[in-house]
Amino acid sequence: MKVVVTGFQPFGKEEMNPSFEAVRLLPDEICGAQIVKEEIPVVFRKGGKTVHEIVRRENPDIVILVGQAGGRTSMNVERVAINCEDCPSGFPDNEGNAPQSETIYEDGPAAYFATVPIKAMVKKMMDNGVPAAVSNTAGTYVCNDLMYHLLYQLAHEFPNTRGGFIHVPYAASQAVNKPNTPSMAI
Ligand code: PCA
């Protein structure tokens, strides 16, 4: 069994991204499964291209994408990715792109559901003392874009590979100067 786990580069005003900081700490093997760790650029479409190259190269059984969602209070396992790129105003990606209500794939459905067992994942996290919840929106920024790209690619080319997305809160160090902001240890 092979599992690809990705995190993102830092974006916005942040100097680090807790998603990749956590992913890089994973061991190379968990319960006999090989873990392949990768960092993804915070750039619309380019992230999707990057994950496509990784999946083609690695031919994994499972792909888990991880991203930062500042302000969220727990690990959030995402249920759905939507066929839309809509950048909040004043918040372009790391290469200055700020798409507005754009369709990701013209021939894609309005949305894809994650193909990993989201409720079982949340339960496992909570059973292990980690606050977690199912989330019903990954937003319309680069994380949703990456999740949609992955699920489109899996549906079309890799039907035996499952894919999902986990949003994580700010790391404790990022919340130091943000009063009343939830955070979690890496
Ligand atoms: N979070 C952003 C993009 C990269 C990341 O880590 C998001 O939630 O869209």
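In listed order, ligands and their atoms are each counted from 1.
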Any carboxylate oxygen within less than 4.0 angstrom of a Lys/Arg side-chain nitrogen, looking at Arg45 and Glu85?
yes
Heavy-atom count check: over 12 atoms from other residues, nucleotides or ligands less than 6.0 Å from Arg162 CZ?
no
Considering residues, nucleotides and ligands other than Tyr105, do more than 12 of their heavy atoms fall under 6.0 Å from its OH?
yes
Which residue, Phe44, Tyr112, Tyr141, forms the ring-ring contact (aromatic ring centres under 6.0 Å, His included) with Tyr148?
Tyr112
Find all atoms of ligand 1 within a distance of less than 4.0 Å from any non-hydrogen atom belonging to [X], and give their numbers and elements.
{"X": "Asn17", "result": "5 (C), 6 (O)"}
{"X": "His167", "result": "7 (C), 8 (O)"}
{"X": "Tyr141", "result": "2 (C), 3 (C), 7 (C), 9 (O)"}

Can you tell which of Gly67, Cys143, Ser19 gets a heavy atom nearest to atom 4 (C) of ligand 1?
Cys143
Looking only at protein heavy atoms, identify the closest one to atom 1 (N) of ligand 1 and say how far it is in Å.
Gln68 O, 2.8 Å
When Arg79, His167, Arg72 are each screened for side-chain hydrogen bond (donor to acceptor under 3.5 Å, both in side chains) with Ser135, the one that passes is Arg72
